[in-house]
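Excluded from the calculations below are hydrogen atoms, water molecules and symmetry mates; all remaining heavy atoms, backbone and side chain alike, are included. Note that the structure is a prediction, hence the values are computed from the model and not measured.
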Amino acid sequence: MQLSEQEIVRRQNLQAIRDLGIEPYPAATFEVNITAKEINETYDHHEEEEKRNLQQVRIAGRVMTKRVMGKAAFAVIQDGTAKVQIYVQRDMICPDENKDLYNKLFKKLLDLGDFVGIEGKCFLTKTGEITVKATSFTFLSKSLKPLPIVKTDEEGNVYDAFTDPELRYRQRYVDLVVNPHVREAFLKRTQMYNSMREFLNGKGYLEVETPILQPLYGGAAARPFKTHHNTLDMTLYLRIANELYLKRLIVGGFDGVYEFSKDFRNEGMSRFHNPEFTQIELYVAYKDYEWMMNLVEEMVEKVALDTNGTTKIQVGENVIDFKRPWKRYTMFEAIEHFTSIDISQMDEDELRATAKKLHVPIDPSMGKGKLIDEIFGETCEAKLIQPTFITDYPIEMSPLAKKHRTVPGLVERFEAICNGKEILNSFSELNDPIDQRARFEEQLSLGKRGDDEAMVLDEDFLNALEYGMPPTAGLGIGMDRLAMIMTNSNSIQDVLFFPQMRPKVTASNAEEEEE
RNA sequence: GAUUUGGUAGCUCAGUCGGUAGAGCAUCUGACUUUUAAUCAGAGGGUCCCGGGUUCGAACCCCGGCCAAAUCACCA
């Protein structure tokens with residue numbers, strides 16, 4: 001292994017710490033009684049000073065900067081909440097003759113990135129920054145690699161920002177340490193989950209877990225990942241959706257179930273697609289898609305408030321307002337709104353001519369439903385910035401949705417479009433087992449014609465439906481896409497801790513391959 | 001999968017016409033008891049992504065490959 005100059009120095013420092021008789025990786029708990037954030041907030045809110053004992057704070061964290069001025073020094077440490085400045089005087093932490101703890105350990109052997117524990121009292125510096133004056137300090141853990149140190153001046157200008165996306169995604173742990181905005185985005189993501197759980201649990205719905213390894217993949221149109229179980233000697237698939245399992249639970253008598261489902265699709269990657277991603281799916285018995293639209297508005301408005309404190313979210317150039325009610329169009333209305341063409345009564349030939357006129361790319365294999373979907377996608381979707389419900393989709397695209405109660409050829413389905421992208425999908429679920437079997441068979445014939453994303457027929461799911469499923473409304477929300485909006489992120493990789501990357505061939509694993 | 005852009009010190013980047021590899025921060029040595037992009041004086045640090053080619057000579061030109069990003073294609 002080739003070590004850089006700085007890595008060699010740090011390993012030497014590690015040994016020097018041991019030579020002082022100090023364990024660089026101590027086992028014992030270091031009790032803290034306050035966080036950096038709490039210390040900073042205390043300074044912002046003077047009335048709270050009384051409530052907190054700032055004479056005896058104990059805090060632990062990673063050393064981010066160090067400014068030594070002879071016999072005293074300032075450093076900034078960062079804990080799980082924020083950064084706080086500490087002040088170390090030689091004679092304060094070394095009251096006796098032996099000054100090694102300051103002169104050697106603190107001044108020389110303590111590197112940026114090391115973890116320390118500080119005990120001391122808070123005071124305000126000349127320039128008014130709340131600071132912990134150390135009465136003792138404890139070495140907690142050595143860092144052997146230099147962190148990319150990001151500096152910010154008084155005016156907020158950032159220097160040497162750690163920005164290389166490849167390094168940031170491959171070494172997210174480094175990204176998280178030095179880029180506070182990255183950390184904030186992930187805190188918001190978790191807040192989204194908490195917010196939805198609170199909302200759905202409050203309505204009495206049950207959070208469940210269903211199989212990720214499935215003998216048949218269903219519930220969506222996508223290519224799966226395939227694997228093999230040795231003991232059963234059988235093929236298993238990583239789920240592309242959990243829809244069919246949640247519906248089985250509705251059949252089983254749970255009237256409201258939801259799951260945060262990690263799903264897997266063996267398809268292209270882009271800034272909107274990662275091979276594994278998360279959906280929340282929700283099914284509620286005795287409800288329809290109209291009811292679900294109201295629930296979605298209520299829930300997503302709450303998520304915006306809980307994550308951002310407002311319904312108005314800045315996303316790129318746009319401000320997106322999730323305040324209820326959202327705009328609603330049927331798919332035909334949306335197309336008419338953006339193109340001034342009413343296609344609702346057109347037959348296949350007329351649709352094809354209209355698509356051509358609108359410069360929508362089509363091919364001869366497209367049927368009526370696909371043509372409508374394509375016209376919508378090309379002319380409307382990108383223009384829908386504010387959250388908007390699009391309702392009533394062509395039946396061909398939706399083999400698991402119930403036929404529309406009044407309009408032939410359509411299903412009771414809606415999507416919400418936001419910032420020009422679909423963020424969620426919902427329908428009145430198809431619960432007629434005869435119709436469901438027919439729809440699966442249509443998919444089978446599509447599959448035989450070479451559509452490798454056509455759905456497969458799930459006999460056991462049909463068996464469940466034949467026992468009877470109540471009328472049910474179902475919903476799936478792309479959590480990653482919603483997180484992108486709630487955090488103003490441009491790429492799905494910015495809301496996934498560890499986005500999928502092609503492995504980088506390094507010198508060391510190239511050697512392993514040779515061996 | 002296609003196109004474009006990029007890959008140089010730990011990080012962010014510069015590198016002229018093809019002629020000994022550069023800066024800031026970080027690191028090392030020294031000074032400094034309220035600094036905050038600390039400051040001051042000095043020093044060290046390179047598989048220029050990989051492999052071939054052209055050339056007296058390649059970070060730079062040519063060919064092939066790897067990785068990444070953006071756009072497109074694909075895609076509930």
Nucleotide nearest A:Arg170 (side chain, heavy atoms from C-beta), chosen from B:C67, B:U35, B:A69: B:C67
Closest-nucleotide 5' rank along RNA chain B - winner of A:Tyr87 and A:Leu167: A:Leu167
Touch class at under 4.0 angstrom, heavy-atom based, for A:Glu267 against every strand present: sugar-phosphate
B:U4 pairs with, by Watson-Crick or G-U criteria that keep both distances under 3.5 Å: B:A69
Distance between C1' atoms of B:G19 and B:G10 (Å, rounded): 30 Å
Sugar-phosphate, base or nothing in reach of A:Asp91, heavy atoms under 4.0 Å: base
Minimum-distance nucleotide to A:Asp111 side chain [options: B:U35, B:C28, B:G24]: B:C28
Touch class at under 4.0 angstrom, heavy-atom based, for A:Met397 against every strand present: base
Inter-nucleotide C1' distance (B:A23, B:G46), Å rounded: 15 Å
Pi stacking test for A:Phe74 and B:A38: under 5.5 Å apart, planes under 30°: no
Donor-acceptor pair (no angle test) under 3.5 Å: A:Asp164 side chain, B:G7 base: no
Touch class at under 4.0 angstrom, heavy-atom based, for A:Glu129 against every strand present: base
Minimum-distance pair of heavy atoms, taken over all atoms of A:Glu7 and A:Lys145: OE2-NZ, 2.9 Å
N-O pairing of A:Asp164 and A:Arg168 below 4.0 Å: no
Who pairs with B:A21 - Watson-Crick or G-U, where each distance is under 3.5 Å: none
Touch class at under 4.0 angstrom, heavy-atom based, for A:Lys66 against every strand present: nothing
Sugar-phosphate, base or nothing in reach of A:Val76, heavy atoms under 4.0 Å: nothing
Residue A:Thr125, side-chain atoms from C-beta onward, closest of B:G45, B:U34, B:A37: B:U34
Nearest to side-chain heavy atoms of A:Met69, which nucleotide of B:C11, B:A38, B:A69: B:A38
Given RNA chain B, 5'-ward residue of the pair A:Ser426 and A:Met501, judged by closest heavy atom: A:Met501
Ring centroid separation A:Phe414 to A:Phe427 under 6.0 Å: no
Touch class at under 4.0 angstrom, heavy-atom based, for A:Arg265 against every strand present: sugar-phosphate
Under-4.0 Å side-chain N/O to phosphate OP1/OP2 contact, A:Arg67 with B:U35: no
Sugar-phosphate, base or nothing in reach of A:Tyr159, heavy atoms under 4.0 Å: base
Touch class at under 4.0 angstrom, heavy-atom based, for A:Thr65 against every strand present: nothing
Among B:G24, B:G10, B:A69, the one nearest A:Ser4 by side-chain distance: B:G10
P-based separation of B:U16 from B:A26 [nearest Å]: 28 Å
Separation between the C1' atoms of B:U8 and B:G30, rounded to whole Å: 31 Å
Basic-acidic side-chain contact under 4.0 Å: A:Lys402, A:Glu412: no
Ion pair check, A:Asp114 and A:Arg62, cut-off under 4.0 Å: no
Integer angstrom distance from the C1' of B:G7 to that of B:U12: 14 Å
Nearest listed nucleotide, side chain of A:Lys133, among B:U27, B:U34, B:A38: B:U34
Test: A:Lys99 and A:Asp91 ion pair at under 4.0 Å: yes
Parallel, tilted or perpendicular: rings of A:Phe186 and A:Phe497 (30°, 60°): parallel
Nucleotide forming a Watson-Crick or wobble pair with B:U39, both distances under 3.5 Å: B:A31
Out of B:A68, B:C11, B:C25, whichever nucleotide has its closest atom nearest the side chain of A:Lys151: B:C25
Closest nucleotide among B:U27, B:C32, B:A69 to the A:Leu112 side chain: B:U27
Any A:Arg271 side-chain N or O less than 4.0 Å from OP1/OP2 of B:U71: yes
Parallel, tilted or perpendicular, as decided by the 30° and 60° cut-offs, for the rings of A:Phe260 and A:Tyr258: perpendicular
Which nucleotide in B:U35, B:A69, B:G44 has an atom nearest any side-chain atom of A:Gln85: B:U35
Sugar-phosphate, base or nothing in reach of A:Phe272, heavy atoms under 4.0 Å: nothing
Sugar-phosphate only, base, or nothing, as touched by A:Arg413 at under 4.0 Å among non-hydrogen atoms: base
N or O in side chain of A:Arg502 less than 4.0 angstrom from B:C67 OP1/OP2: yes
Touch class at under 4.0 angstrom, heavy-atom based, for A:Ala220 against every strand present: nothing
Sugar-phosphate, base or nothing in reach of A:Tyr393, heavy atoms under 4.0 Å: nothing
Integer angstrom distance from the C1' of B:U47 to that of B:A9: 13 Å
Within 45° cone of A:Tyr393 ring axis and under 6.0 Å: A:Arg413 NZ or CZ: yes
Rounded distance in Å between the P positions of B:C25 and B:A38: 10 Å
Presence of A:Gln6 side-chain N/O under 4.0 Å of B:G44 phosphate oxygens OP1/OP2: no
Closest nucleotide among B:U33, B:A69, B:C67 to the A:Glu166 side chain: B:C67
Touch class at under 4.0 angstrom, heavy-atom based, for A:Leu147 against every strand present: nothing
A:Lys107 side-chain N/O to B:G30 phosphate OP1/OP2 under 4.0 Å: no
